[in-house]
Amino acid sequence: MRLSLLALAFTLAAVTAQAQTRPPSNVGQKQLDIGDQPGYVPSPDEEQLDPAFRRQPVYFRTTEPAGTIIVHTDERFLYLVQGNNRALRYGIGVGREGFQWSGLKTIVRKAEWPDWTPPPEMIQRQPYLPRFMAGGPGNPMGAAALYIGGTVYRIHGTNQPQTIGYAVSSGCFRLVNSDVQDLFSRVPVGTRVVVRQTPTL
């Protein structure tokens, strides 16, 4: 009897943990109408993500080799493949409607606390943006950036942690600063990046 209760307790704990780390069912439809906030520095409390989007090791089947970055834009997750059906999963913000893309690319450059020069198209949409902003805690590029070759896009940090889990960007993928720093430390220039619009069944 005691063993049965113990087994039941473990099962309930596993189901609860799985429910806490599963993305919301409507995540693919979640858009956020918010502009960039240059100069805003989030508080430590604001950096605390919903459990579903916190960095964590997960079971992940793929034929891609260890070290590959796989982005599932519909799920709002970035996976760093570890091998043996395992990956590190990070919650991300993705491109809003009209700024979504997919493909196979590589990381061509890395930078910590990068400067930010909004492209003309972004300034046209948000005329209040600065033409240049030095790197730092209030910079919308956040603590680090991984530049994706052949595109104007980056995997980068953010000073808007509330946007993680939403389609909000102009095509870049954003993580909270602690997560992008972790990812930055794990991947070298030349890392393969696979961007997918829909989950693989």
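Below, all heavy atoms of this structure are taken into account, side chains as well, without hydrogens, waters or symmetry copies. Quick note: residue numbers are just sequence positions, from 1.
- The hydrophobic clustering, which links ILVMFWY residues whose side-chain heavy atoms are closer than 4.5 Å, places Val152 and Val180 together.
- With hydrogens and angles disregarded, no donor-acceptor distance shorter than 3.5 Å links the side chain of Arg55 to the backbone of Phe53.
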I'd like to know whether Leu49 forms a side chain to side chain contact (heavy atoms under 4.5 Å, CB included) with Asp179, so could you lay out the CA-CA distance, the side-chain angles of the two residues, the decisive distance to 0.1 Å, and finally the verdict. CA-CA 11 Å; Leu49 294 177; Asp179 281 355; 4.2 Å; yes
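- Under the 4.5 Å side-chain heavy-atom criterion for grouping Ile, Leu, Val, Met, Phe, Trp and Tyr, Tyr128 is not connected to Phe132 through any hydrophobic cluster.
- In this structure, Asn177 contributes its side chain and Asn159 its backbone to no donor-acceptor pair below 3.5 Å.
- By the rule that hydrophobic residues join a cluster once side-chain heavy atoms approach within less than 4.5 Å of another member, Trp113 and Met141 end up as members of separate clusters.
- Taking Arg86 as the reference, nothing meets the salt bridge (charged side-chain N to carboxylate O under 4.0 Å, His left out) condition, with sequence neighbours excluded.
- Of the candidates Tyr79, Phe77, Phe173, Tyr79 is the only one forming a ring-ring contact (aromatic ring centres under 6.0 Å, His included) with His72.
- Between Pro57 and Gln82, the closest side-chain pair of non-hydrogen atoms is not below 4.5 Å.
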Take Trp101 and Ile148, measure what side chain to side chain contact (heavy atoms under 4.5 Å, CB included) needs, and give me the verdict at the end. CA-CA 12 Å; Trp101 61 282; Ile148 301 172; 4.1 Å; yes
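- For the pair Pro51 and Gln56, the minimum side-chain heavy-atom distance is 4.5 Å or more.
- The nearest pair of heavy atoms linking Pro42 to Pro137 is CD-O, 4.5 Å.
- Here the CG-CD1 distance, from Asp50 to Ile164, works out to 11.5 Å after rounding to the nearest 0.5 Å.
- Contact check for Arg131 versus Ile123: side-chain heavy atoms found under the 4.5 Å cut-off.
- Val81 and Val58 end up in the same hydrophobic cluster when Ile, Leu, Val, Met, Phe, Trp and Tyr side chains are linked at under 4.5 Å.
- With respect to Arg196, the side chain to side chain contact (heavy atoms under 4.5 Å, CB included) criterion is satisfied by exactly one of Ile70, Val71, Asp74: Ile70.
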One pair to check against side chain to side chain contact (heavy atoms under 4.5 Å, CB included): Leu146 and Val193. What are the steps and the verdict? CA-CA 11 Å; Leu146 306 171; Val193 180; over 6 Å; no
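- The hydrophobic cluster containing Ile155 does not contain Val189, counting ILVMFWY residues as joined when their side-chain heavy atoms lie under 4.5 angstrom apart, directly or transitively.
- With hydrogens and angles ignored, the 3.5 Å screen pairs a side-chain donor or acceptor of Glu46 with a backbone N or O of Ser43.
- Atoms CD and CD, from Gln162 and Glu47 in turn, are 10.0 Å apart once rounded to the nearest 0.5 Å.
- Atoms CD1 and OG1, on Ile92 and Thr163 in that order, are 11.0 Å from each other to the nearest 0.5 Å.
- No donor-acceptor pair under 3.5 Å is formed between the side chain of Arg192 and the backbone N or O of Thr68.
- Ser102 and Gln197 make their closest contact through CB-CG, 4.0 Å (heavy atoms, listed as atom of the first residue, atom of the second, distance).
- Interatomic distance, Met133 CE to Asp115 CG, rounded to the nearest 0.5 Å: 10.0 Å.
- To the nearest 0.5 angstrom, Ile69 atom CD1 is 10.5 Å from Thr106 atom OG1.
- Side-chain atoms of Lys110 come within 3.5 Å of backbone N or O of Val187 as a donor-acceptor pair.
- No donor-acceptor pair closer than 3.5 Å links the side chain of Gln160 to the backbone N or O of Thr158.
- Across all their heavy atoms, Pro114 and Ala145 have their closest contact at CG-CB, 3.8 Å.
- Results of the side chain to side chain contact (heavy atoms under 4.5 Å, CB included) test with Ser178 over Leu175, Asp182, Val176 single out Val176 as the only residue that passes.
- Val194 is not listed as a side-chain neighbour of Thr62, based on a closest heavy-atom distance of 4.5 Å or more.
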